[in-house]
Protein chains: 2
Amino acid sequence: MAESASKHDVFQAIADPTRRRLLRLLGDQEMSVTIISGHFTMSRTAVSKHLRVLADAGLVKDQKVGRETRYRLDPEPLLELKKWLSNYERFWENKLSVLKRYVESDDPAVMESFLPLRTYKENEK
Amino acid sequence: MAESASKHDVFQAIADPTRRRLLRLLGDQEMSVTIISGHFTMSRTAVSKHLRVLADAGLVKDQKVGRETRYRLDPEPLLELKKWLSNYERFWENKLSVLKRYVESDDPAVMESFLPLRTYKENEK
DNA sequence: TTGACATGAAACCAAATGGTATCGTAATTA
DNA sequence: TAATTACGATACCATTTGGTTTCATGTCAA
């Protein structure tokens, strides 16, 4: 799988659904490899490799505790993703396309996050 | 390459650096395949396949004009990415990690986009 | 209408990816 | 001390991915 050769980037790391599940799982609490693997049907080794990819991208940190290795989320590299996305903010600011997709979203926070950045500037006045 | 079998998702589509370059390029204006390829060193066919992946993810739209095919950006699917990212907002709200990476960013809009969502709720009071 | 242009489709290839099973080793516990 | 647990390392495998070259087809222009 991902042979930690030369640093995976965050874009590649989150491309895999299993790794996105891992990030979500570790968002709740720090967990050992065995416990983590218990949440997946694939082998422990496979999960471990995915964790390695995430670690390469800096999205998780590991800590040895006795014979187990605890992994925890480090969301910091996601800021790069957020930065990249910000280049496209201008395309959906004040656009109906924002409503088009999430008008019936069950998560109110989602709509809030779509409010245009311009709001901040208005507040600063 | 990407054999358009069963719909590529946006996470996979943006994982490749070439495809991110394509999105950036098409953000400025609609362009034909040949013109697009002129911006890359790889073959036209290779570029065309990347465009196919992006089209599968809904990130670009194509339109036949005579003998050429014009591609243009459709940023709408990026909202899914934005939605996914919003699940991690809570981790860097009011955190120094926000400053840690971009304190010397040359783009002021970047820092603005990092202001916490909570600001909105306070405004509602 | 004849040739040049724009593009997609195929066939092919090397390398990366996602997965498995097996083994070695350090830490824990009986 | 001996068995068990937790994990990484390795070797291996099938499929996907990113790229190439070649060919077929539709469109435009002389």
Side-chain angles (χ1 to χ4, degrees), chain A residues 1-26 29-72, chain B residues 1-26 29-72:
Chain A
M1 191 189 301
E3 318 304 343
S4 75
S6 53
K7 280 289 208 174
H8 293 89
D9 66 45
V10 66
F11 290 94
Q12 194 200 341
I14 66 162
D16 186 90
T18 299
R19 288 196 288 269
R20 291 199 298 277
R21 273 187 66 193
L22 280 168
L23 292 180
R24 182 155 43 93
L25 189 63
L26 295 176
Q29 57 177 319
E30 180 172 300
M31 288 166 60
S32 75
V33 174
T34 302
I35 299 296
I36 295 170
S37 297
H39 290 75
F40 294 82
T41 57
M42 72 187 73
S43 72
R44 175 186 54 79
T45 308
V47 171
S48 205
K49 286 191 192 178
H50 280 299
L51 286 169
R52 169 72 72 98
V53 175
L54 291 174
D56 274 357
L59 285 163
V60 298
K61 301 298 177 192
D62 62 291
Q63 178 194 7
K64 292 290 289 275
V65 177
R67 60 183 162 182
E68 52 183 39
T69 307
R70 307 262 182 81
Y71 280 89
R72 66 174 192 283
Chain B
M1 191 189 303
E3 319 304 346
S4 77
S6 53
K7 280 291 209 175
H8 293 88
D9 68 44
V10 66
F11 291 94
Q12 193 200 341
I14 67 162
D16 185 90
T18 299
R19 288 195 287 270
R20 292 199 297 278
R21 273 187 65 194
L22 279 169
L23 292 180
R24 181 155 45 91
L25 190 62
L26 295 176
Q29 55 178 319
E30 180 172 299
M31 288 165 58
S32 74
V33 174
T34 302
I35 299 297
I36 295 170
S37 297
H39 290 75
F40 295 82
T41 58
M42 72 185 72
S43 72
R44 175 188 53 79
T45 309
V47 172
S48 204
K49 287 192 192 175
H50 281 299
L51 287 169
R52 168 72 72 97
V53 175
L54 292 174
D56 274 357
L59 285 164
V60 297
K61 300 299 177 190
D62 62 292
Q63 178 195 6
K64 291 292 286 277
V65 177
R67 59 183 163 183
E68 53 183 37
T69 307
R70 307 261 181 80
Y71 281 87
R72 67 174 191 282

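What you see below is based on every heavy atom in this structure, not just the backbone, and it leaves out hydrogens, waters and symmetry mates. The sequence lines fix the lettering, A, B, ..., with proteins before strands; numbering per chain opens at 1.
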Touch check for A:F40, heavy atoms < 4.0 angstrom, all strands: base, sugar-phosphate only, or nothing? nothing
Find the distance A:L22:CG to C:dG18:P and express it as a whole number of Å. 12 Å
Measure CD/A:Q63 against C1'/D:dC7 and give the value in whole Å, please. 15 Å
Worked check of side-chain contact (heavy atoms from CB on, under 4.5 Å) between A:D62 and A:L51: CA-CA 9 Å; A:D62 62 291; A:L51 286 169; over 6 Å; no
Looking at C:dT17, I'd like to know if its phosphate oxygens (OP1 or OP2) sit under 4.0 Å from a side-chain N or O belonging to A:Q12. yes
If each of A:D16 and A:V65 is mapped to the nucleotide of DNA chain C with the nearest heavy atom, which maps nearer the 5' terminus, i.e. the 5' end? A:D16
Does a side-chain N or O of A:T45 approach OP1 or OP2 of C:dT20 to a distance below 4.0 Å, or not? no
Please determine whether side-chain contact (heavy atoms from CB on, under 4.5 Å) holds for the pair B:V33 and B:R44, giving the CA-CA distance in whole Å, both sets of side-chain angles, and the decisive distance to 0.1 Å. CA-CA 7 Å; B:V33 174; B:R44 175 188 53 79; 3.8 Å; yes
Between D:dT17 (C1') and A:H8 (NE2): distance, integer Å: 14 Å
Roughly, in whole Å, what's the span from CD in A:E68 to C1' in C:dA26? 13 Å
Does A:K49 make a side-chain donor-acceptor contact with the base of C:dT20, cut-off 3.5 Å? yes
So does B:R44 get a side-chain nitrogen or oxygen closer than 4.0 Å to the phosphate oxygens (OP1/OP2) of D:dT20? no
Run the numbers on B:I14 and B:L59 for side-chain contact (heavy atoms from CB on, under 4.5 Å), then give the verdict. CA-CA 9 Å; B:I14 67 162; B:L59 285 164; 4.1 Å; yes
What's the CG-P distance between A:L51 and C:dG18, to the nearest Å? 13 Å
To the nearest Å, how far apart are B:I36 CD1 and C:dA6 P? 13 Å
Report yes if at least one side-chain N or O of A:S43 is closer than 4.0 Å to OP1 or OP2 of C:dG19; otherwise report no. no
On DNA chain C, nearest-nucleotide positions of A:T41 versus B:D62: which is more 5'? B:D62
Identify the heavy atoms of B:F40 and B:T18 that sit nearest to each other, and give their distance. CE2-CG2, 3.7 Å
Could you check which of C:dT20, D:dT20, D:dC7 has an atom nearest any side-chain atom of A:T34? D:dC7
I need the CE-C1' distance between B:M31 and C:dA6, as an integer number of Å. 14 Å
Grab the CD1-C1' distance between A:I35 and D:dT5 for me, whole Å please. 12 Å
Exercise: identify the closest heavy-atom pair between A:Q12 and A:D9: N-OD1, 2.8 Å
Using only side-chain N and O atoms of B:H50, determine if any of them is under 4.0 Å from OP1 or OP2 of D:dG19. yes
Would you indicate which nucleotide in C:dG19, D:dC7, C:dA9 comes nearest to any side-chain atom of A:M42? C:dG19
Under the 3.5 Å rule, do the base of C:dT7 and the side chain of B:R67 count as making a donor-acceptor pair? no
Using only side-chain N and O atoms of A:S48, determine if any of them is under 4.0 Å from OP1 or OP2 of D:dG8. yes
Taking all atoms of both residues into account, what is the closest heavy-atom pair of A:A55 and A:V60, and its distance? N-CG2, 3.5 Å
